[in-house]
Student: 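Once you've had a glance at the structure underneath, I'll fire off some questions.
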Amino acid sequence: MGVLSFKGWIADAPSWIRSLPEGLQELFFQLYQTFIYNDRWQFFASGLKITFIVTIGALFIGIIIGLVLAIIRTMKESYTAKKAPLVLRILNSITELYLTVIRGTPMMVQLLIMGFVIFIPKSEESRVLCGIITLGINSGAYVAEIVRSGLMSVDKGQAEAGRSLGFSYAKTMWYIVIPQAIKNILPALGNEMITLLKDTSLVSVIALRDVTKQTQNIIAKTYTAMVPYISLAVIYLVIVIAMTKLLGAFEKRLRKSDH
Amino acid sequence: MTTENNTVVKVENLQKSFGAKSVLKGISLEIKKGEVIVIIGASGSGKSTFLRCLNCLEDPTGGNIFFDGVDIADPSVDINVHRQKMGMVFQQFNLFPHLTILRNMTIAPMKLLKMSKEDAEAKALELLDRVGLKDRANDYPNKLSGGQKQRVAIVRALAMNPQVMLFDEPTSALDPEMVGEVLDVMKKLAEAGMTMVVVTHEMGFAKEVASRVLFVDKGVVAEENTPDEFFTNPQNPRLKEFLSKVLA
């Protein structure tokens, strides 16, 4: 498992590589020792798995937190003339505090606090959980604003029509407002998912073996950074482009069924 | 039906202020079964606010509204139950764009009155037929013209079997050539005996259909009379000025 030497590798390499200019020979050597030697591509594969798990888990938590916060804030705002009930005002204050703290501190710092002060996870599983929870809590603050603006984008007359038919506030939201808001929320939520995917690279600071951390582990073995890090960037870029394309197609379909 | 004899809604000294701004300064009105009350007034006079207070879309800040045997202006009353019996039609139609016409009409009867899907749809189709839109049942609202939307909005409210219908400037957002078709539906509704409160600028409708016409000015009822007297012999100087402008 020692460091592979260029001299040893080139001696065994196929003749077409040996006939290449020196710079390209070096590049192929780097690619070989980053991905193929000792099956190192598995580092990327297992890292990507963690990256996806954390992204999806955090998005799930973020959406739930975001929905709850957005509904609290929208409910509070619906009391324009008279004072909102005490419970709602307390919940709203907590929500505002949460949004201020989460959006006012760097995600990196949040991860360090969760990973080394609050959770201190010992196993790989608990580190994954710690990552999901931290990113989910962070994402929730942003999803809340997305959902809130989506709810506000629905014309006020819609809620009034619902209420005038006798629907309660909750039923009006459920049957009338939320279905219309979803269409406006989904594109922004897709962007949040992309942001979240890129932000998962930060979980390496709590020693979670996501694709970024695994790339660093490879560098610790090869002692060269260029090919692994650029490969890492390409991996993220390809995933983000694919997600963007998918979201674009999805949005198009949504617009087609626009009534 | 509700309180004594055949009063449907009884409003006593209704007040509404937005912050320090007082919009309604004490309006009283008794609406009897089958009456068509038409409310006119300049913009900003409080006429729409009055209508919106009747079903508590705006919470009154003072006074009482007796409907259905209770004072619905009392905040402790569950307003949702009483709103089911008060239909409302808006200036901007407010059809639900994500639902078909049929679903627009059946959602409230099914979810609130627990009507079966079959019954609700049968009733909706019958109502749509009455306003000549039965063949549009499966279309979405954006496929309809303004006049058609408003006719659907009227029958959507009727699907709940309301005891009274509130109309908030139902023709003000329509192109002129579509006003007639909506007023026709309202006329037929009045002839069928529906109790109606209509805020409008359509003086022809008021003359022809109203049982009583109210002129609201600066948050009070400045004049109230039968349509004949109201239009031929107005007393209030502000009303005279208003009528000379709108009838010119």
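Excluded from the calculations below are hydrogen atoms, water molecules and symmetry mates; all remaining heavy atoms, backbone and side chain alike, are included. In what follows, chains carry the letters A, B, and so on, assigned in the order in which the sequence lines appear, proteins first and then strands, with residues in each chain numbered from 1. Bear in mind the structure is a predicted one, so any value in this text is a computation, not a measurement.
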Student: Can you tell me if B:Lys187 has over 12 outside heavy atoms packed within less than 6.0 Å of its NZ?
Tutor: yes
Student: Spell out the residues in residues 110-132 of chain B that have some non-hydrogen atom less than 4.5 Å away from a non-hydrogen atom of chain A, in order of number; otherwise answer 'none'.
Tutor: B:Lys111, B:Leu112
Student: Sequence neighbours left out, what passes salt bridge (charged side-chain N to carboxylate O under 4.0 Å, His left out) with B:Glu58? Give chain and number order.
Tutor: B:Arg52
Student: Closest heavy-atom contact between B:Phe96 and A:Ala161?
Tutor: CE2-CB, 3.8 Å
Student: Quick one: CG on A:Leu165 to CZ on B:Arg83, what's the gap to the nearest 0.5 Å?
Tutor: 10.5 Å
Student: What part of B:Leu95 gets closer than 4.5 Å to chain A, counting heavy atoms only: side chain, backbone, both or neither?
Tutor: backbone
Student: For B:Phe90, which atoms come within 4.5 Å of any heavy atom of chain A: side chain, backbone, both, or neither?
Tutor: side chain
Student: Starting at CD1 of A:Ile176, measure out to CG of B:Asn104 and round the result to the nearest 0.5 Å.
Tutor: 7.5 Å
Student: Considering only heavy atoms, which portion of B:Leu57 lies under 4.5 Å from any heavy atom of chain A: side chain, backbone, both, or neither?
Tutor: side chain
Student: Given 3.5 Å as the limit, does a donor-acceptor pair link the side chain of B:His98 with the main chain of A:Tyr175, or not?
Tutor: yes
Student: Is chain A contacted by the side chain of B:Met86, its backbone, both, or neither, given a heavy-atom distance below 4.5 Å?
Tutor: backbone
Student: Please tell me whether A:Arg163 and B:Asn80 have a donor and an acceptor in their side chains that are separated by less than 3.5 angstrom.
Tutor: yes
Student: Under a 3.5 Å distance rule, please check whether B:Asn55 uses its side chain to pair with a backbone N or O of A:Ser164 as donor and acceptor.
Tutor: no
